[in-house]
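A short worksheet on the structure shown next.
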Amino acid sequence: MSELHIRAVLDAIERAPGRGQRLLVGIAGPPGSGKSTLAAAVVERLNAGPPPAATAALVPMDGFHLDNAELDARGLRAVKGAPETFDAVGFVALVRHLREPGRDLRYPLFDRAADRTLPDAGRLHAGTEVVVVEGNYLLLADGDWADLAPLFDVTVMIAPPMDVLEARLVARWLGHGLPPDEARRRARGNDLVNARRVLDGSRNADLVLSDGAVVGRGDDRAGA
């Protein structure tokens, strides 16, 4: 995540039509891409701006992980984090509701330490002007996920090279205490499979970011 990336997203928000009503920004990217860090930085910057600064909030997708008991029942625990291990229908319904200002909303969050969802742990205040939504599959072009992209006023894809993603994902698993061989196995397994699904199967974004660069701008959301 760089200042260039933050500035590019802020500029895209500033140019977006429909200011004066609630604006929805979708920041997508594969595991290890830095989307969560970028989204948090954008929200912080929006809220710290000079008057009249936008009132911004962050809504993560992670609260829509299916519970482990449900994953076990479906035989999906080994691929937790894949598109089919989320409640996509519920998440799409939440994003639709985000478009409705004037009332507070509750939504689930995900506790990584406990590896479980926390129902109604998140709150979006009625007066929020900009909602930044972040997650892997916001722009995925298949299944129930395909309904999401048109709901956003601004879409962003973070697309680092695969070797950069692999290095970050291995480092993440090492940070969780796994030995090097197991960390590489985890990264090269489910994590990178999901990364390829994001990069190969997502709709075009308004703004495409790679390491240290803005590599694409556009508004074509029809193509994968």
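Phe91 has its side chain out of reach of Phe86: every pair of non-hydrogen atoms, C-beta onward, lies at least 4.5 Å apart. Inter-residue side-chain proximity for Phe152 and Asp206 is flagged as unmet; no heavy-atom pair is nearer than 4.5 Å. With contacts defined as side-chain heavy-atom distances shorter than 4.5 Å, the pair Thr155/Met157 does not qualify. Contact of the Leu207 side chain with the Val154 side chain is not registered, since no non-hydrogen atoms from C-beta on lie closer than 4.5 Å. Under the 4.5 Å side-chain criterion, counting only non-hydrogen atoms from C-beta, Val133 is not in contact with Met61. Side-chain atoms of Pro179 and Asp181, non-hydrogen and from C-beta on, never get closer than 4.5 Å to each other. Side-chain atoms of Pro60 and Tyr107, non-hydrogen and from C-beta on, do get closer than 4.5 Å to each other. Under the 4.5 Å side-chain criterion, counting only non-hydrogen atoms from C-beta, Leu46 is not in contact with Glu129.
If you chain together hydrophobic residues whose side chains sit under 4.5 Å apart, Leu109 and Leu98 fall into the same group. In terms of hydrophobic clustering, with Ile, Leu, Val, Met, Phe, Trp and Tyr side chains grouped at heavy-atom distances under 4.5 Å, Val59 and Leu139 are assigned to a common cluster.
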Step-by-step side-chain contact (heavy atoms from CB on, under 4.5 Å) determination, His176 to Arg112: CA-CA 11 Å; His176 288 315; Arg112 291 194 175 276; over 6 Å; no

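Applying the 4.5 Å side-chain rule to ILVMFWY residues, one finds Trp173 in the same cluster as Leu178. Hydrophobic cluster of Leu174: the remaining members, joined at side-chain heavy-atom separations below 4.5 Å, are Val170, listed by chain and number.
Exactly one of Thr85, Asn190, Asn68 qualifies for a side chain to side chain donor-acceptor pair (under 3.5 Å) with Lys80. That residue is Asn68.
The backbone N or O of Gly63 lies less than 3.5 Å from no partner atom in the side chain of Thr117, so there is not a single donor-acceptor pair. Ser210 places a side-chain N or O within donor-acceptor distance of the main-chain N or O of Ala159, the cut-off being under 3.5 Å.
Note: Arg96 CZ to Asp147 CG = 5.5 Å, rounded to the nearest 0.5 Å.
For Glu44, the CD atom sits in a loose shell: 12 or fewer heavy atoms of surrounding residues, nucleotides or ligands are nearer than 6.0 Å.
Asn136 and Asn194 form no side-chain donor-acceptor contact under 3.5 Å, judged by distance and modelled atom types alone.
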